[in-house]
Amino acid sequence: MTRMSSPGDSIPRQDVLEFLVRRARNGAALVYTEAIVTDYESAQGYPGQARLVTQSQIEAWRPVVKAIREAGAVSVMQMFHCGRVAWPEINPARRVIAPVPWHPDLNP
């Protein structure tokens, strides 16, 4: 579940963060984040993905998690790795890391 809502700094737009808090305030007991890339070097695979790697990214999520908790809900980070669906030109290492390499006969 991702909306590709994070600009160049990989921090979701403010409206996305507010949406998550609003879910908790409207009675949701469990609030999942959108898919957040687990590491920059191998997990990033397409534009606009949220990341939780740098201190500024961590600090952007801190008030969201706190507000969700204050509303009586629990937040859960959906960790994400693009794997085979990654775009090599977006991945910082310019490679796709997956359990099995892409092959035209197996993936039409």
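Scope of the values below: all heavy atoms of this structure, side chains included, with no hydrogens, waters or symmetry mates. What you see is a predicted model; the values in this text were computed from it and never measured.
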Indicate the atoms forming the closest heavy-atom contact of [X] with [Y], along with that distance.
| X | Y | answer |
| --- | --- | --- |
| Arg51 | Gly8 | NH2-O, 4.3 Å |
| Cys82 | Gln44 | SG-C, 4.3 Å |
| Phe80 | Ala43 | O-CB, 3.8 Å |
| Ser56 | Ile11 | O-CD1, 3.6 Å |
| Ala73 | Ala28 | CB-O, 3.2 Å |
| Ala60 | Leu17 | O-CD1, 4.1 Å |

### Query
Are Leu30 and Val76 side-chain neighbours, meaning at least one heavy-atom pair lies under 4.5 Å?
yes
Interatomic spacing from [atom1] in [X] to [atom2] in [Y] - rounded to 0.5 Å:
| X | Y | atom1 | atom2 | answer |
| --- | --- | --- | --- | --- |
| Arg25 | Glu18 | CZ | CD | 9.0 Å |
| Gln57 | Ser6 | CD | OG | 8.5 Å |
| Trp61 | Ile68 | CH2 | CD1 | 7.5 Å |
| Gln49 | Ser10 | CD | OG | 8.0 Å |
| Ile36 | Met79 | CD1 | CE | 10.0 Å |
| Asp9 | Thr54 | CG | OG1 | 8.0 Å |

In the single-linkage hydrophobic clustering (I, L, V, M, F, W, Y; side-chain heavy atoms under 4.5 Å), do [X] and [Y] co-cluster?
| X | Y | answer |
| --- | --- | --- |
| Met77 | Ile58 | yes |
| Val64 | Phe19 | yes |
| Leu20 | Leu52 | yes |

### Task
Look at the side chain of Thr33 and the backbone N and O of Gln78, then say whether any donor-acceptor pair between them is shorter than 3.5 Å.
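Yes; at least one donor-acceptor contact below 3.5 Å.
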